[in-house]
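Quick note on labels: first sequence line is chain A, next is B, and so on, each numbered from 1.
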Amino acid sequence: MTRQVITANRLRDGDVVYLAENGRWTPWLDEASVAETAAEAEAFMKIAEESEAACDVIGIYGMPVEGERLEPVSTRERIRAKGPTTRTDLGKQAEPDFAKRA
Amino acid sequence: MYQYDAYDHRLVRERVAQFRGQVVRRLKGDLTEEEFRPLRLMNGLYLQLHAYMLRVAVPYGTLSSEQLRMLARIARKYDKGYGHFTTRQNIQYNWLNLEDVPDLLADLASVEMHAIQTSGNCIRNVTADQYAGVSADEIEDPRIYAEIIRQWSTLHPEFSFLPRKFKIAVTGAPKDRAAVRVHDIGLQMRRNEKGEAGFEVLVGGGLGRTPIIAKTIRPFLPKRDLLSYLEAILRVYNQLGRRDNLHKARIKILVQSVGAERFTEMVEAEWQHLRDGALELPAETIAHIRAFFAAPAYETLEAKVPAFEAKRFEDRVFSEWCRTNLAPHKVPGYAIVNISLKATGEAPGDASAEQMETVADLAERHSFGELRVTHAQNLVLPHVKLADVFAVWQALAAAGLASANIGLITDTITCPGLDYCNLANARSIPVAQQISERFEALERQHDIGDLKIKISGCINACGHHHVGHIGLLGVDKKGEEFYQITLGGDAEEKASIGDIVGPAFAREKAVDAVETIVETYLARRQNGERFLDTYRRLGLAPFKEQLYDAR
């Protein structure tokens, strides 16, 4: 199976988030929990669905990742993880935390 | 400008209060996303890649200084300091918190603005010629009728759940600056043999997955019959438009499937029940709305202004800007000033809060407090005294708003694309930026002349690529961005859909391909031909040859 993480948007502000340990949602992809097997992916999705029902997030789905540093596979997901490629002063890439993690 | 009456104020205030309650219930969990989604869409609120996006209606592209100042304030207070002007003369904010939106809508309401019907399967914001009321070739100001249509279509109970979204554009001039032939309904003002003004009614135009040029279903409709006839069209569509297939739900598919003749018969039959009834527009009603769009208090001026001519002569940069960015005004001594939002390397249609405030101030000082948004994602100061043009230009230049490229190759129409949009397959803005950099030299742009490039990041065609002289459509090929190129599209009076030139180009080759097309045109054009003329004379072959055979 392709390794994947669960992603969504936070209901309150629409920010891109990833499912991390203990059912917590993080804005940082490097903190996300990675599903290595289909069973893991299913278990994570169950946790995410509960969180969606509790109005924390919306639009949950599994997102393939690759590499040690959890790089998204698609251009779309790379843009979601960083921000607009045309405005590097905006989005996650513009936050001080992002540079520390890169 | 139109001013809200008590009904408009109440309606918008009530909607803000309703939405405030809906947001509270959603955050508390009393509404599921499935329940909430149609409610937020009715108020123009989308969820995009990075955050919530709000689309604010700018009715027929007309704004006051006060309204633009509020749009700037909103950009600063609730967003990240900028907004994006769209091909439907609206403005979008990209980085909103759901919780803030009710307050934002209340701020908008305070300047007689809202986001109602900027999304969903209803009649959307009515668009119009950006030179309405000021161009010399106009029969009548189209905004009078756009406003009448706005009042009729706002919260129209019968047309709140159409098979699909519905877009109407109106132009009062023979020169089509409003792309009326690619709208669900296009209204083009005409005079009949008696010299009376009315409308040619075009139906079933549109872009997206199935691009179609609208068909004329009535060559002349008297003004008094405008609403009853529109109601007849909408009724036929509401009843027969497909609701089983999202991709076949627009009116263009209905007109295509039954044929324009049969469709016209159905509309005319329906109209027989509606005409001369409650929807008839009495002359007094039209006069009442017309009064809102009365000409401002123009001064009596000489047509030639020596000081202006002298500046044009002395200052080459100013002179170049005047050449493209000024349009003739119907009143002697005045000019229409176009403000390009296509600076080199910037995102087309984006304006910072500071830039909005600069334009609002200039409109207040030099344009009777009024301005326009164009479907080509630029702004317009519609009534500037020629004697003031130099000062206006200097202020625009200081704000980074004096790009001298209106109608030239770098004045692209560009959708937000994959940098922001949830539906996009590829990015649009970086391609536009690269084009603006590649063709930056003004001399070269003038040599190329009238060439409209339009770029969409997906088949929904928000960037109007089908009607670009050169159109680029972003596609996803196994995770990589590719761009399919079309040639020969046109959104004006002789509207045409572009022809696909061949296999798509990889991202890094797309702008080279555009340059090859331009060079082929320059090499083959005959005396005075525009790109479109050369393309219509020669067809695809020479362009194809240069693009593919050389590889």
Does some side-chain heavy atom of Thr2(A) sit less than 4.5 Å from a side-chain heavy atom of Gln4(A)? no
When you look at Glu35(B) and Arg25(B), which way does the salt bridge (charged side-chain N to carboxylate O under 4.0 Å, His left out) test go after all the steps? CA-CA 11 Å; Glu35(B) 289 163 334; Arg25(B) 283 184 281 150; over 6 Å; no
If the plane angle is over 60° it's perpendicular, under 30° parallel, otherwise tilted; pick one for Phe98(A) and Trp28(A). tilted
Just give me the residue among Asp89(A), Leu90(A), Thr86(A) that pairs up with chain B most often, heavy atom to heavy atom, under 4.5 Å. Thr86(A)
Whatever's closer than 4.5 Å to a heavy atom in chain B on Ile79(A) counts as both
With a 4.5 angstrom heavy-atom cut-off, is it the side chain or the backbone of Tyr52(B) that approaches chain A, or both, or neither? both
Name the region of Asn422(B), side chain, backbone, both or neither, that has any atom closer than 4.5 Å to a heavy atom of chain A. both
Go through the atoms of Leu47(B) and report whether side chain, backbone, both or neither lie under 4.5 Å from a heavy atom of chain A. side chain
Would you call Asp107(B) and Lys77(B) a salt bridge, using N to O less than 4.0 angstrom? yes
Portion of Glu33(B) that has a non-hydrogen atom of chain A nearer than 4.5 angstrom: side chain
Salt-bridge criterion met for Arg76(B) and Glu354(B) (N-O under 4.0 Å): yes
Heavy atoms only, distances under 4.5 angstrom: which of Asp350(B), Asp100(B), Leu96(B), Leu27(B) has the most pairs with chain A? Name it, please. Leu27(B)
Tightest non-hydrogen contact, residues Ile339(B) and Asn378(B), listed as O-CB, 3.3 Å
Audit row: Asp512(B), Lys509(B), salt bridge (charged side-chain N to carboxylate O under 4.0 Å, His left out) steps and yes/no: CA-CA 5 Å; Asp512(B) 293 341; Lys509(B) 300 272 186 209; 5.4 Å; no
Using non-hydrogen atoms and a 4.5 Å limit, figure out which bit of Glu480(B) sits close to chain A: side chain, backbone, both or neither. neither
So what's closer than 4.5 Å to chain A heavy atoms on Phe36(B): side chain, backbone, both or neither? neither
Applying a strict 4.5 Å limit to non-hydrogen atoms, the region of Arg26(B) in contact with chain A is both
Quick one: what part of Asp15(A) sits under 4.5 Å from any heavy atom of chain B, side chain, backbone, both or neither? both
What is the minimum heavy-atom distance between Asp13(A) and Asn97(B), and which atoms define it? CB-OD1, 2.9 Å
